[in-house]
> 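Below you will find the structure I want to go over with you.
Every value quoted in this text rests on a predicted model; they were computed, and no experiment measured them. Note that ligands are numbered from 1 as they come in the structure, with each ligand's atoms numbered from 1 the same way.
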Amino acid sequence: MTKIHPDIAKVFISEEQLAQRVREMGAEITQDYHDKDVILVAVLKGAVYFMADLSRQLDCPFTMDFMAVSSYGNQRDSSGVVRILKDLDMDLADRHVLIVEDILDTGLTLKYLIRNFKARGAASVEIAACLLKDRERTGENAIDVKYVGFTIPNEFVVGYGLDYAEQYRGLPYIGVLKPEVYSN
Ligand code: IMP
């Protein structure tokens, strides 16, 4: 049994559920990219656990790169601004890119990255998101996510790479914090 952190009010997705779903996503991605030599791009820092687990489930050639962007700071609400803090090392020209993302909330970060990667000449850009928040993304905010782990309610969650003020990333499950954690 996983030990639950005292600041966690509720576990949304257990360690076992995450492992099972990541295996399934790995199989699907392997099938789609078996002849493509895909480059996996993870957005730091939240996606590192998902990237590590998902990539170990791939049975096809791939390379990895990392990028750091900021749209949140230490707040719980999006500032609406995307800044590149660390750029990719690799050239994306004519490459098939799969963005490996922890969570899609407003979609602002991914919208920006897709546009940016296409401008660098990527042959294709798709998204594998561990979590998708159940909120409206229509019109300009519409975004096509090819691989989704779980759809979750529109609440702030932590664990499996996701933080609140840089804490809780190492929790092996996805959970919601107790309200008093925010007021402290
Ligand atoms: P978006 O641009 O609104 O889709 O937000 C993308 C980024 O915000 C994610 O990659 C996370 O780093 C962060 N984020 C969004 N929702 C949450 C959450 O519920 N918990 C922790 N971080 C979140």
> Closer than 4.0 Å to some heavy atom of Glu101 - which atoms of ligand 1 meet that?
10 (O)
> Does at least one non-hydrogen atom of Gly46 fall below 4.0 angstrom from an atom of ligand 1?
no
> Can you confirm whether Val22 sits close enough to Tyr160 that some side-chain heavy atom of one is under 4.5 Å from a side-chain heavy atom of the other?
yes
> For the side chain of Lys111 and the backbone of Thr106, is there at least one donor-acceptor N/O pair under 3.5 Å apart?
no
> For ligand 1, which atoms, with element, lie under 4.0 Å from some heavy atom of Asp163?
21 (C)
> Contact between ligand 1 and Ile103 is defined here as a heavy atom of the residue under 4.0 Å from a ligand atom; is it met?
yes
> Within a distance under 4.0 Å of any heavy atom of Glu155, pick out the atoms of ligand 1 and give their elements.
19 (O)
> Side chain, backbone, both or neither: which applies to Thr106 and ligand 1 if a contact is any heavy-atom pair less than 4.0 Å apart?
both
> Val157 near ligand 1, heavy-atom distance under 4.0 Å?
yes
> Do Asp87 and Arg120 sit within salt-bridge range, that is, some charged N less than 4.0 Å from a carboxylate O?
yes
> Please round to the nearest 0.5 Å and tell me the distance separating atom OH of Tyr33 and atom CZ of Phe62.
13.5 Å
> If you define the side chain from C-beta out and look only at heavy atoms, does anything of Asn154 sit under 4.5 Å from Asp134?
no
> Test of understanding: given a 4.0 Å heavy-atom threshold, classify the contact between Asp102 and ligand 1 as side chain, backbone, both, or neither.
side chain
> Check Arg95 against Asp37 and note the closest heavy-atom contact, atom names and distance.
NH2-O, 3.2 Å
> In terms of heavy-atom contacts, does CD of Glu136 have more than 12 from other residues, nucleotides or ligands at under 6.0 Å?
no
> Below 4.0 angstrom from a heavy atom of Lys133, which ligand 1 atoms are there? Numbered from 1 as shown, please.
16 (N), 17 (C), 18 (C), 19 (O)
> Within a distance under 4.0 Å of any heavy atom of Thr109, pick out the atoms of ligand 1 and give their elements.
1 (P), 2 (O), 5 (O), 6 (C)
> Is any N or O atom of Leu110, backbone or side chain, closer than 3.5 Å to an N or O atom of ligand 1?
no
> State whether the side chain of Lys146 and the backbone N or O of Ala128 hold a donor-acceptor pair below 3.5 Å, judged by distance alone.
no
> Before signing off on this row, confirm whether Leu162 and ligand 1 have an N or O atom pair separated by under 3.5 Å.
no
